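All remarks here apply to the structure that follows.
Predicted model, so just to flag it, every value in this text is computed and none were measured.
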Amino acid sequence: MAAAKDLKTPLISSISDHQFHAPEVILNVDGEPGVPERSILVNSQLDLGQNPYGFIGSNGFEVPGSTTVDPFRNQTPKIEGVYEWIKVIVCVPIALVRLVLFGLCLAIGYVATKSALQGWKDKQNPMPKWRCRVMWITRLCSRGILFSFGYHWIKRKGKPAPREIAPILVSNHVSYVDPIFFFYELFPTIVASESHDSMPFVGTIIRAMQVIYVNRFSHQSRKHAVNEIKRKASSDRFPRLLLFPEGTTTNGRLLISFQHGAFIPGYPIQPVVVRYPHVHFDQSWGHISLGTLMFRMFTQFHNFMEVEYLPVVSPSEHHKESAICFAEKTGRAMARSLNVVQTSHSFADYMILSKAVDSGQENPLLFVVEMAKIHQLFHLSSSDALDFLDTFLAMSPDSSGSVKFEDFSRVLRIKPCILSQKMFEFIDVEKNGKVTFKEFLVGSAHVLNQPLFWRACEVAFSESDIDEDDCISMQELGASLMPAMGSLSDDEVHGLFDLFDGDGDGRISRGDFVNCLRRNPLLIALFSYHFLHKDSDPDASAGLLEEMV
């Protein structure tokens with residue numbers, strides 16, 4: 001974020017007309033662990049205004065614009081039209097035959113795979129050739145499975161580049177059919193979520209592909225996966241690698257942002273695009289069940305699939321191209337071939353959309369925020385975004401996906417007062433008395449990303465810990481909040497205390513305090529009074545600011 005230019009006092013009604021004036025100072029700001037210290041020029045003039053977060057360097061924020069497209073929506077989730085109903089009815093007997101073929105191929109392939117894996121313990125080295133020959137049985141069975149789904153022929157354009165030229169392939173991801181095709185065609189090593197290992201049949205087969213498992217929410221797991229990609233791509237003894245950089249399936253009408261695991265090693269990459277031309281039946285996964293999608297595939301006369309191998313894309317010869325630029329260059333090549341655009345949606349948007357659907361929201365698309373753009377602006381993780389979504393959903397959004405001040409204050413457990421109203425107005429960018437999820441998410445991320453936020457958390461804890469025993473009691477919390485919020489009832493203090501006491505041990509430790517403010521960064525405004533000084537003394541106020549650095 002840009003360096004803060006103003007440090008504003010919190011909005012406190014008793015001193016709402018007062019301003020402090022002080023010279024500019026240089027502050028050395030420590031960020032989160034792992035974030036380097038940086039210096040910022042701060043005008044230490046403290047003035048009261050509409051921004052309750054000015055004291056940590058905020059000058060307000062804007063909500064990035066969004067596209068109106070839904071990259072995950074299946075276009076034909078239900079059987080509609082006379083022709084489609086007649087086709088389904090006519091194909092029911094054919095579907096039964098296809099189901100038998102599917103089950104037979106799955107069973108034979110599973111037995112062949114178990115035989116190939118039997119006694120194989122050295123998973124760090126390539127699968128021995130005789131085991132790979134056994135896996136040809138499974139690969140032929142996978143072609144039978146594609147045939148049973150109605151893919152009687154598959155149109156191909158271009159050819160896979162030799163492994164020594166492009167050890168990594170990347171493809172768009174539309175359906176569960178994609179990996180089945182590539183398993184048959186190339187038998188590559190793939191990168192998959194750890195959860196896939198426990199899936200019946202599928203887990204066994206992908207283990208035979210010497211899968212690289214990754215936990216999306218673990219930095220260590222992602223780092224290990226990148227190292228494994230680099231290790232296996234560098235050796236001709238391993239199969240080529242295949243990754244779906246979008247990280248999830250889309251409806252094929254656009255590309256979403258790429259994850260960078262395939263591009264970090266810096267090896268040449270061959271892009272592949274998969275298309276599913278259709279008129280009556282959209283074969284993309286979308287938000288429909290696997291069983292429903294399989295039934296629809298079984299009851300089609302034929303399902304169309306096209307696979308195009310594009311020219312190899314290499315990183316710059318003159319300097320080591322960044323993974324971001326390499327991914328963007330590859331994405332542009334794939335988007336041109338598909339004749340689509342690439343948006344800033346990501347796998348995190350799919351998780352947000354799924355949670356909104358599960359919570360019964362009338363229009364879950366309102367919760368899709370293009371998380372790749374949010375991450376680029378605020379470095380907000382997917383898990384933090386989901387935590388903010390949980391908080392927002394607890395506010396009971398209306399049919400428009402918005403919440404009012406009453407529900408905002410209820411969930412954050414802050415009493416209606418001038419300060420809490422200003423907190424709400426701060427994130428109400430549209431100034432219509434309601435807050436959308438994107439406003440709440442971006443506003444929270446903006447506050448969390450301010451250069452003085454983490455220092456403010458530390459100072460707020462120290463000032464609230466009156467008896468200096470490294471924990472905050474309920475009485476201390478009430479006394480700390482009273483200057484900013486006015487008199488508080490026992491129930492109001494108790495509600496906030498429970499919110500901060502994350503482990504429920506009856507006291508707020510330093511870890512509890514910081515973790516609560518990470519999950520609810522907007523609450524830092526409740527402690528803004530501590531950066532003014534009780535007597536509104538400019539020199540004392542400057543002393544508190546110095547404590548923050």
Side-chain angles (χ1 to χ4, degrees), residues 1-2 4 6-12 48-66 348-349 352 356 361 366-371 373-381 384-398 400-454 456-457 460 481 484-485 496 499 516-528:
M1 294 296 293
D6 298 298
L7 284 179
K8 300 182 180 179
T9 62
L11 185 66
I12 305 173
L48 290 170
Q50 300 302 307
N51 183 355
Y53 301 98
F55 74 101
I56 58 172
S58 168
N59 288 318
F61 68 96
E62 295 181 355
V63 177
S66 299
D349 285 292
I352 289 171
Q361 293 300 309
L366 295 171
F367 294 81
V368 175
V369 297
E370 293 190 274
M371 269 299 300
K373 187 183 298 182
I374 303 298
H375 175 75
Q376 182 180 10
L377 291 173
F378 303 107
H379 309 290
L380 187 72
S381 70
D384 284 340
L386 290 172
D387 287 342
F388 289 141
L389 177 62
D390 287 335
T391 301
F392 187 82
L393 291 175
M395 297 176 185
S396 304
D398 59 23
S400 68
S402 304
V403 299
K404 296 181 179 179
F405 171 69
E406 294 77 13
D407 293 313
F408 170 84
S409 57
R410 171 182 56 81
V411 170
L412 293 184
R413 306 185 189 184
I414 49 179
K415 79 167 191 175
C417 62
I418 295 177
L419 177 57
S420 58
Q421 184 68 45
K422 294 304 178 184
M423 291 165 61
F424 182 81
E425 291 173 357
F426 176 78
I427 59 173
D428 179 14
V429 176
E430 297 294 328
K431 306 304 178 188
N432 58 4
K434 293 183 177 182
V435 169
T436 65
F437 172 62
K438 190 163 190 177
E439 289 175 327
F440 179 76
L441 176 71
V442 174
S444 298
H446 166 78
V447 171
L448 190 64
N449 202 48
Q450 288 308 297
L452 296 178
F453 177 81
W454 297 105
C457 293
L481 296 173
M485 301 185 70
L496 276 168
L499 187 64
C516 180
L517 289 175
R518 173 192 277 275
R519 295 192 306 271
N520 306 283
L522 297 176
L523 293 181
I524 191 63
L526 303 183
F527 302 93
S528 54

Test log, rule side-chain contact (heavy atoms from CB on, under 4.5 Å), inputs Phe453 and Leu517: CA-CA 9 Å; Phe453 177 81; Leu517 289 175; 4.2 Å; yes

side-chain contact (heavy atoms from CB on, under 4.5 Å) evaluation trace for Phe61 with Val442: CA-CA 8 Å; Phe61 68 96; Val442 174; 3.7 Å; yes

Worked verdict on Lys434 versus Asp428 for side-chain contact (heavy atoms from CB on, under 4.5 Å): CA-CA 6 Å; Lys434 293 183 177 182; Asp428 179 14; 5.7 Å; no

Residues Leu452, Phe55; criterion side-chain contact (heavy atoms from CB on, under 4.5 Å); working and verdict: CA-CA 8 Å; Leu452 296 178; Phe55 74 101; over 6 Å; no

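Atom CG of residue Leu441 and atom CG of residue Asp384 lie 9.5 Å apart, to the nearest 0.5 angstrom. Here the straight-line distance linking atom CG of Leu377 with atom CD of Glu370 works out to 11.0 Å at 0.5 Å rounding. Going from atom NZ of Lys422 over to atom OH of Tyr53 covers 13.0 Å, rounded to the nearest 0.5 Å. With rounding to the nearest 0.5 Å, the separation of OG in Ser402 from CZ in Phe392 is 6.0 Å. The structure places CG of Leu523 at 5.5 Å from CE of Met423, a figure rounded to the nearest 0.5 Å.
The two atoms that bring Ser528 and Ala525 nearest to each other are OG-O, 2.8 Å, heavy atoms only. The two residues Phe388 and Arg519 come nearest to each other via the heavy atoms CE2-O, 3.1 Å. Shown here for Asn51 and Gly60, the closest heavy-atom pair between the two residues is ND2-N, 3.6 Å. Residues Ser420 and Ile414 approach most closely at CB-CD1, 3.8 Å, considering heavy atoms. Minimum heavy-atom separation, Met395 to Leu412: CE-CG, 4.3 Å. When every heavy atom of Gly443 is checked against every heavy atom of Ile427, the shortest pair comes out as CA-CG2, 3.9 Å.
Classification of Lys404 and Asp398 as a salt-bridged pair fails, no side-chain N sitting under 4.0 Å from a carboxylate O.
Counting heavy atoms from C-beta on, the side chains of Pro397 and Gln361 come closer than 4.5 Å. The side-chain heavy atoms of Val447 and Ser58, taken from C-beta on, include no pair separated by under 4.5 Å. In this structure the side chain of Leu419 reaches within 4.5 angstrom of the side chain of Pro52, judged on heavy atoms. By the 4.5 Å heavy-atom criterion applied to side chains, Ser396 and Arg410 are counted as neighbours. Using a 4.5 Å heavy-atom cutoff, the side chains of Leu496 and Leu526 are in contact. Counting heavy atoms from C-beta on, the side chains of Val368 and Lys438 never come closer than 4.5 Å. In this structure, Ile524 and Leu448 have side chains that are not in contact, with every pair of non-hydrogen atoms separated by 4.5 Å or more. Side chains of Leu522 and Phe408 form a contact here, defined as non-hydrogen atoms less than 4.5 Å apart.
Using cut-offs of 30° and 60° on the angle between ring planes, the pair Phe426 and His446 is tilted. Ring orientation note: the planes of Phe424 and Phe405 are nearly perpendicular, at an angle over 60° on the 30°/60° scale.
With hydrogens and angles disregarded, a donor-acceptor distance shorter than 3.5 Å links the side chain of Asn520 to the backbone of Cys516. Side chain of Ser409 to main chain of Glu406: a donor-acceptor pair is present (N/O by atom type, distance under 3.5 Å, no hydrogens or angles). Panel note: side chain Thr391, backbone Asp387; a donor-acceptor pair is recorded below 3.5 Å.
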